[in-house]
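Since the structure is predicted, the reported quantities are computational estimates derived from the model, not experimental observations.
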Amino acid sequence: ILNYELEKQSASPQFKIQNFYPPEAGKFKISSQAVVLANEFLDAFPADVFQKKACPERSRGGGAWEMLFVALEGETLSEAWRPVQSEDDLAHLARYASHAEDEQRVERARGVEAWLDALAALSPRMLALVFDYGDTAPLLYAPVRKFGTLKCHYRHTVDARPFERVGEKDITASVNFSHLEDAARARGFEARTVELCAFLLQAGAERFMQDESFRGEERQGLLRMLDPTGMGGLFKVCILARGVPMPPLKSFREMVMGA
């Protein structure tokens, strides 16, 4: 559907994607059927940060929501919290983060619905596989994640300080798969989310592990992705199907329990 070229930028191992959207490609072409793979795509969407303000007059967890803005003090960026004004944001928080504790931070990705609209317009028969780190809302916004999931990546280091090295860091937030599923179903998709380890096992990963020629870094990488306590549980796969059968995948818990 899209044409692109990789052009070596210099003698260093740095590569640059050129002409990702060449003029002849234009918009997505309508197809009779399509398969879409989105790998660590949604976590990079712009996200707003919200916090439930503690209120002594109310019960625990009953505070009002505030939204994070950026303030400029001299030459320093700092946090500025303002009451949430948007009814849409309040409805989203009530649906997915009503169990959040006072002073707990949660994120809301922007643009998920628009992306799904683009997918829905692409083909009447489609299977989309969304690979990303995140969780369903009850776990994603659990009290254990009091400071939210926003992370900054810079030269193989990770922190939660977006106001440092501005413009040099990749800023991400974990995907709310409950919201993704709901938004997809509203657009005519079936939706199902399972752990990466469960997806790979049901896709035939065992065949590779039984192959004696499958060794070295590739084998170790697959083992990490099959570990339900590590990468295999942290990452999820959301399957979106429209006009095609939904693959009968089970979660890791269902596989273990025999459900």
Subject >> Taking every non-hydrogen atom, the tightest pair across Pro247 and Leu127 >> reply: CD-CD1, 4.0 Å
Subject >> Lys53 with Glu101: basic N within carboxylate O range, under 4.0 Å >> reply: no
Original post:
In terms of hydrophobic clustering (I, L, V, M, F, W, Y; side-chain heavy atoms under 4.5 Å; direct or indirect links), are Val158 and Leu150 co-clustered?
Top reply: no
Subject >> Minimum-distance pair of heavy atoms, taken over all atoms of Val112 and Ala109 >> reply: CG2-CB, 4.0 Å
Subject >> Rounded distance [0.5 Å steps], CZ in Arg185 versus CD in Glu190 >> reply: 9.0 Å
Original post:
Do Leu200 and Leu222 pass the side-chain contact (heavy atoms from CB on, under 4.5 Å) test, and can you show the C-alpha distance, the side-chain angles, and the key distance before you say yes or no?
Top reply: CA-CA 9 Å; Leu200 291 174; Leu222 180 55; 4.2 Å; yes
**OP:** Dump the intermediate steps for side-chain contact (heavy atoms from CB on, under 4.5 Å) on Met246 and Arg192, then the final yes or no.
**Re:** CA-CA 8 Å; Met246 167 66 77; Arg192 171 73 162 148; 4.1 Å; yes
Subject >> Flag for Glu73-Ser78: side-chain donor and acceptor within less than 3.5 Å >> reply: yes
Original post:
Where do Leu129 and Val36 land on the side-chain contact (heavy atoms from CB on, under 4.5 Å) test, with the steps shown first?
Top reply: CA-CA 6 Å; Leu129 302 177; Val36 175; over 6 Å; no
**OP:** Answer whether the closest heavy-atom distance between the side chains of Val70 and Phe163 falls below 4.5 Å.
**Re:** yes
Subject >> Distance-only polar pair, side chains of Ser251 and Glu195, donor-acceptor under 3.5 Å >> reply: no
Original post:
Are the side chains of Lys169 and Glu164 in touch, meaning some heavy atoms are under 4.5 Å apart?
Top reply: yes
**OP:** Name all pairs fulfilling the side-chain hydrogen bond (donor to acceptor under 3.5 Å, both in side chains) condition that reach into residues 224-233, sequence neighbours left out, sorted by first residue then second.
**Re:** Asp227-Thr229
**OP:** Rounded to the nearest 0.5 Å, what's the gap from CD on Glu107 to CG on Asp48? Could you check?
**Re:** 10.0 Å
Subject >> Same cluster (ILVMFWY, side-chain, under 4.5 Å), Val175 and Phe50 >> reply: no
Subject >> Side-chain touch Val237/Thr193, heavy atoms, less than 4.5 angstrom >> reply: no
**OP:** Dump the intermediate steps for salt bridge (charged side-chain N to carboxylate O under 4.0 Å, His left out) on Asp88 and Arg108, then the final yes or no.
**Re:** CA-CA 11 Å; Asp88 182 64; Arg108 180 185 182 182; 2.9 Å; yes
Original post:
Just wondering, are more than 12 heavy atoms of other shown residues or ligands nearer than 6.0 Å to CD in Glu217?
Top reply: no
Subject >> Euclidean distance, Lys146 NZ relative to Glu103 CD, rounded to 0.5 Å >> reply: 6.0 Å
Subject >> Residue pair Gln51 / Arg105, side-chain heavy-atom distance below 4.5 Å >> reply: yes
**OP:** Using side chain to side chain donor-acceptor pair (under 3.5 Å) as the criterion, list what pairs up with Glu40, not counting sequence neighbours.
**Re:** none
Original post:
Any idea which heavy atoms bring Cys152 and Ile171 closest together, and the distance?
Top reply: SG-CG1, 4.1 Å
Original post:
In the single-linkage hydrophobic clustering (I, L, V, M, F, W, Y; side-chain heavy atoms under 4.5 Å), do Leu93 and Phe45 co-cluster?
Top reply: no
Subject >> Distance-minimising heavy-atom pair for Ala80 and Ala71 >> reply: CB-CB, 3.9 Å
Original post:
Going by the side-chain hydrogen bond (donor to acceptor under 3.5 Å, both in side chains) test, which pairs reach into residues 128-137, not counting sequence neighbours?
Top reply: Asp43-Tyr133, Tyr133-Thr172
**OP:** Determine, step by step, whether Asp89 and Arg110 satisfy the salt bridge (charged side-chain N to carboxylate O under 4.0 Å, His left out) criterion, reporting the C-alpha distance in whole Å, the side-chain angles of both residues, the deciding distance to 0.1 Å, and the verdict.
**Re:** CA-CA 11 Å; Asp89 283 334; Arg110 302 296 187 183; 3.0 Å; yes
Subject >> Any Met126 side-chain heavy atom under 4.5 Å of Leu240 side chain >> reply: no
Subject >> Close side-chain approach of Ser174 and Leu140, heavy atoms under 4.5 Å >> reply: yes
Original post:
Looking only at heavy atoms, what is the nearest atom pair of Ser123 and Ala34, with distance?
Top reply: OG-N, 3.8 Å
**OP:** Indicate the atoms forming the closest heavy-atom contact of Trp115 with Leu42, along with that distance.
**Re:** CE3-CD2, 3.9 Å
Subject >> Within-4.5 Å side-chain heavy-atom neighbours: Lys151 and Asp159 >> reply: no
Original post:
For Glu181 and Lys236, what are the C-alpha separation, side-chain angles and deciding distance, and is it a salt bridge (charged side-chain N to carboxylate O under 4.0 Å, His left out)?
Top reply: CA-CA 12 Å; Glu181 287 187 359; Lys236 308 295 187 300; over 6 Å; no
**OP:** Taking the side chain as every heavy atom from C-beta outward, state whether Gln33 and Val244 have any pair of such atoms under 4.5 Å apart.
**Re:** no
**OP:** Decide side-chain contact (heavy atoms from CB on, under 4.5 Å) for Glu168 and Arg155; before the verdict, give the C-alpha distance in whole Å, the side-chain angles of both, and the deciding distance to 0.1 Å.
**Re:** CA-CA 9 Å; Glu168 299 181 45; Arg155 294 184 179 179; 5.7 Å; no
Original post:
Does Phe252 have any ring-ring contact (aromatic ring centres under 6.0 Å, His included) partners at least two apart in sequence or in another chain, and if so, which?
Top reply: none
Original post:
Is Tyr96 reachable from Leu116 through a run of I, L, V, M, F, W or Y residues, each pair having side-chain heavy atoms under 4.5 Å apart?
Top reply: no
Original post:
Does Leu223 belong to the same Ile/Leu/Val/Met/Phe/Trp/Tyr cluster as Met225, with side-chain heavy atoms less than 4.5 Å apart forming each link?
Top reply: yes
Original post:
Taking the six-membered ring for Trp, are the ring centroids of Phe199 and Phe131 within less than 6.0 Å of each other?
Top reply: yes
Subject >> Pairs flagged by ring-ring contact (aromatic ring centres under 6.0 Å, His included) wherever residues 138-159 is involved - sequence neighbours left out >> reply: none
Original post:
Between Glu254 and Lys250, is there a donor-acceptor pair closer than 3.5 Å when you use the side chain of the first and the backbone of the second?
Top reply: no
Original post:
Once you round to the nearest 0.5 Å, how far does CZ of Phe189 lie from CG of Asp182?
Top reply: 14.5 Å
Original post:
Looking only at side chains, do Glu113 and His179 share a donor and an acceptor under 3.5 Å apart?
Top reply: yes
**OP:** Please name all residues satisfying salt bridge (charged side-chain N to carboxylate O under 4.0 Å, His left out) with Arg187, sequence neighbours left out, ordered by chain then number.
**Re:** Asp117
